[in-house]
Undergrad: 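Quick one: this structure, given as structure tokens, is what I'll be asking you about.
Order of listing sets the numbers, starting from 1, for every ligand and every atom in it. Side chains are part of it too, since the values below use all heavy atoms of this structure and drop only hydrogens, waters and symmetry mates. What you see is a predicted model; the values in this text were computed from it and never measured.
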Amino acid sequence: MTTIAGKTVLLTGASGGIGVFIARALAKERATVVSVSRSKEKLDKISAEVEVAGGRGISIPFDISKVEELSVLVQQINQIAGPIDIVINNAAIEKYRPFQGYSLQDIQSILTTNLVAAMELTRLLLPSMIARNDGHIVNIASGSGKKGAPYNSIYSATKAGLIVWTDAIRQELANTNVEVSVVCPGYTEAGMFLKFGLPAPSLARVSQPTDVAIAVIRAIEQNQGEVMLDGFLTRLLFSIIQLSPKVGDDIYRWIGLTKLNQSCAANQIRAENSSETYGLKNL
Ligand SMILES: NC(=O)c1ccc[n+]([C@@H]2O[C@H](COP(=O)([O-])OP(=O)(O)OC[C@H]3O[C@@H](n4cnc5c(N)ncnc54)[C@H](OP(=O)(O)O)[C@@H]3O)[C@@H](O)[C@H]2O)c1
């Protein structure tokens with residue numbers, strides 16, 4: 001069992017949604033939380049909270065999509081906080097669209113923020129973890145990485161990428177004390193999910209962000225390889241879907257997920273004043 005107390009944790013996407021709850025949970029464990037995201041004001045607020053809750057809070061505003069500059073971020077962190085013991089790749093963006101409605105820039109920015117930045121940060125931090133023979137990498141993926149979410153295909157691809165990449169490097173690092181976990185939340189009452197103001201599909205369980213934070217702490221403490229937030233039934237559902245993706249398509253249509261995501265796409269496009277272009281008028 002790994003103890004988090006006294007460890008230095010790099011948490012991306014600490015300024016909003018689920019990240020705030022993970023930062024609070026780490027603070028309770030008395031960790032040093034190095035919070036990274038673009039908004040300095042929000043980061044300072046969460047770092048102050050971390051200090052009050054018993055941890056040490058350090059904010060470093062940084063746009064992780066500037067992947068070529070992540071080495072500068074890592075140098076800065078090393079100078080301010082010392083070596084990182086645990087990295088939690090949590091920052092992500094999503095954009096709902098029919099696939100043909102994405103621009104190349106959309107595709108690049110979602111892939112870079114959600115997947116390439118996590119890989120590059122980890123690549124930069126890993127040698128020090130291996131040299132110290134101690135460390136933990138946690139990637140926050142999603143149920144959308146287990147079965148593609150229609151109208152959120154690029155995001156789904158990044159989350160599937162995170163799951164498989166985690167799986168591969170966990171095997172590479174099996175003979176070290178550097179541990180690797182992927183945590184896959186489903187619908188969570190925070191952040192991205194709340195942005196659309198739409199309900200979750202019928203039958204889908206909605207978790208609390210504290211559930212995700214607890215799952216992250218447990219994944220680290222108990223060295224869990226892969227954590228699915230929605231429990232056994234969801235894991236069973238995804239296993240069936242693995243056997244027959246088309247049955248999965250029917251299930252997603254039946255529970256209303258497909259329609260819901262189509263509505264999210266239409267709402268986003270409407271907000272950008274271009275919904276007619278994508279033929280989504282028949283919702
Ligand atoms: N909420 C859900 O229902 C749900 C379900 C499944 C999985 N997840 C996963 O859980 C994680 C957290 O999601 P959330 O709902 O909390 O999302 P959120 O509220 O949108 O928060 C995303 C965080 O990422 C940061 N971020 C985005 N782009 C960034 C960039 N270029 N550089 C640095 N930081 C950046 C944001 O901060 P700034 O804007 O200040 O940069 C923010 O702190 C994500 O990996 C998401 O995929 C969420």
Undergrad: Where does Ala190 meet ligand 1, judged by heavy-atom distances below 4.0 Å: at the side chain, the backbone, both, or neither?
TA: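 The backbone, only.
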
Undergrad: Would you check the N or O atoms of Ile64, main chain and side chain alike, for any that come under 3.5 Å of an N or O of ligand 1?
TA: yes

Undergrad: Ion pair present between Lys246 and Asp249, side-chain N to carboxylate O less than 4.0 angstrom?
TA: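 Looking at Asp249 together with Lys246, the answer is no, because their closest N to O distance does not fall below 4.0 Å.
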
Undergrad: Are any of the N or O atoms of Ser15 closer than 3.5 Å to those of ligand 1?
TA: yes

Undergrad: Any nitrogen or oxygen of Val36, side chain or backbone, less than 3.5 Å from one on ligand 1?
TA: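 Between Val36 and ligand 1 (N or O atoms, distance only) the closest approach is not under 3.5 Å.
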
Undergrad: Is the shortest distance from a heavy atom of Gly143 to ligand 1 less than 4.0 Å?
TA: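 Per 4.0 Å heavy-atom rule, Gly143 does not contact ligand 1.
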
Undergrad: Can you list the steps and then say if Lys195 with Gln268 is a side-chain contact (heavy atoms from CB on, under 4.5 Å)?
TA: CA-CA 10 Å; Lys195 275 175 199 155; Gln268 271 201 343; over 6 Å; no

Undergrad: Heavy atoms only, cut-off 4.0 Å: how does Ala141 contact ligand 1, side chain, backbone, both, or neither?
TA: backbone

Undergrad: Does Lys195 reach ligand 1 with a nitrogen or oxygen that is under 3.5 Å from one of the ligand's nitrogen or oxygen atoms?
TA: yes

Undergrad: Between Glu29 and Arg24, does any NZ, NE, NH1 or NH2 come within less than 4.0 Å of an OD or OE carboxylate oxygen?
TA: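 Answer for the salt bridge query: no.
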
Undergrad: Could you point out which residue of Ile84, Thr32, Thr2 forms a side-chain contact (heavy atoms from CB on, under 4.5 Å) with Lys7?
TA: Thr2

Undergrad: Quick test of your reading of the model: are Lys159 and Glu94 salt-bridged, counting only N-O distances below 4.0 Å?
TA: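 Salt bridge flag = no for Glu94 with Lys159.
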
Undergrad: With atom 4 (C) of ligand 1 as the reference point, say which of Gly191, Gly19, Ala91, Gly186 has the nearest heavy atom.
TA: Gly186

Undergrad: So which heavy atom in the protein is nearest atom 47 (O) of ligand 1, and how far is it from that ligand atom?
TA: Tyr155 OH, 2.5 Å

Undergrad: Could you tell me the residue and atom name of the protein heavy atom closest to atom 28 (N) of ligand 1, and the distance to it rounded to 0.1 Å?
TA: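 Sorting protein heavy atoms by distance from atom 28 (N) of ligand 1 puts Arg38 NH2, 3.2 Å first.
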
Undergrad: Answer with side chain, backbone, both or neither: which part of Thr113 has a heavy atom less than 4.0 angstrom from an atom of ligand 1?
TA: side chain

Undergrad: Using a 4.0 Å heavy-atom threshold (strictly under), name the region of Phe62 that reaches ligand 1: side chain, backbone, both or neither.
TA: backbone

Undergrad: Give the numbers and elements of all ligand 1 atoms closer than 4.0 Å to a heavy atom of Ser39.
TA: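 In order of number, 40 (O).
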
Undergrad: Report the C-alpha distance between Asn133 and Thr176 in whole Å, list the side-chain angles of each, state the deciding distance to 0.1 Å, and finish with yes or no for side-chain contact (heavy atoms from CB on, under 4.5 Å).
TA: CA-CA 6 Å; Asn133 199 27; Thr176 73; 3.8 Å; yes

Undergrad: Hey, is Arg56 close enough to Glu51 for a salt bridge, meaning N to O under 4.0 Å?
TA: no

Undergrad: State if Asp63 counts as touching ligand 1 under the rule of any non-hydrogen atom under 4.0 Å.
TA: yes

Undergrad: Sequence neighbours excluded and cut-off under 3.5 Å, please list the side-chain donor-acceptor pairs for residues 204-220, or say none.
TA:
{"unit_1": "Arg205", "atom_1": "NH1", "unit_2": "Leu229", "atom_2": "O", "d": "3.4"}
{"unit_1": "Ser207", "atom_1": "OG", "unit_2": "Asp230", "atom_2": "OD1", "d": "3.3"}
{"unit_1": "Asp211", "atom_1": "OD2", "unit_2": "Gln208", "atom_2": "N", "d": "2.9"}

Undergrad: How about Gln242: does its CD atom have over 12 heavy atoms from other parts shown lying under 6.0 Å from it?
TA: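 No.
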
Undergrad: Please say whether Ile93 places an N or O atom under 3.5 Å from an N or O atom belonging to ligand 1.
TA: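 The answer is no, given that Ile93 and ligand 1 share no N or O pair closer than 3.5 Å.
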
Undergrad: Does the Lys NZ or Arg CZ of Arg235 fall within the cation-pi geometry relative to Phe232 - under 6.0 Å from the ring centre and within 45° of the axis?
TA: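 Pair Arg235/Phe232 does not count as cation-pi.
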
Undergrad: For Gly16 and ligand 1, does the shortest N/O to N/O distance drop below 3.5 Å?
TA: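 Between Gly16 and ligand 1 (N or O atoms, distance only) the closest approach is under 3.5 Å.
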
Undergrad: Does Lys159 have a non-hydrogen atom less than 4.0 Å from ligand 1?
TA: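 A heavy atom of Lys159 does come that close to ligand 1.
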
Undergrad: Quick test of your reading of the structure: of Asn90, Ile18, Asn89, whose heavy atom lies closest to atom 44 (C) of ligand 1?
TA: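 Selected option, by shortest heavy-atom distance: Asn90.
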
Undergrad: Can you give me every donor-acceptor pair (side chain of residues 58-69, partner residue at least two apart or in another chain, under 3.5 Å) with its distance?
TA:
{"unit_1": "Ser59", "atom_1": "OG", "unit_2": "Leu43", "atom_2": "O", "d": "3.4"}
{"unit_1": "Ser59", "atom_1": "OG", "unit_2": "Asp44", "atom_2": "OD1", "d": "2.9"}
{"unit_1": "Ser59", "atom_1": "OG", "unit_2": "Ser47", "atom_2": "OG", "d": "2.8"}
{"unit_1": "Asp63", "atom_1": "OD1", "unit_2": "Ser65", "atom_2": "N", "d": "2.9"}
{"unit_1": "Asp63", "atom_1": "OD1", "unit_2": "Ser65", "atom_2": "OG", "d": "2.7"}
{"unit_1": "Asp63", "atom_1": "OD2", "unit_2": "Ser65", "atom_2": "OG", "d": "3.4"}

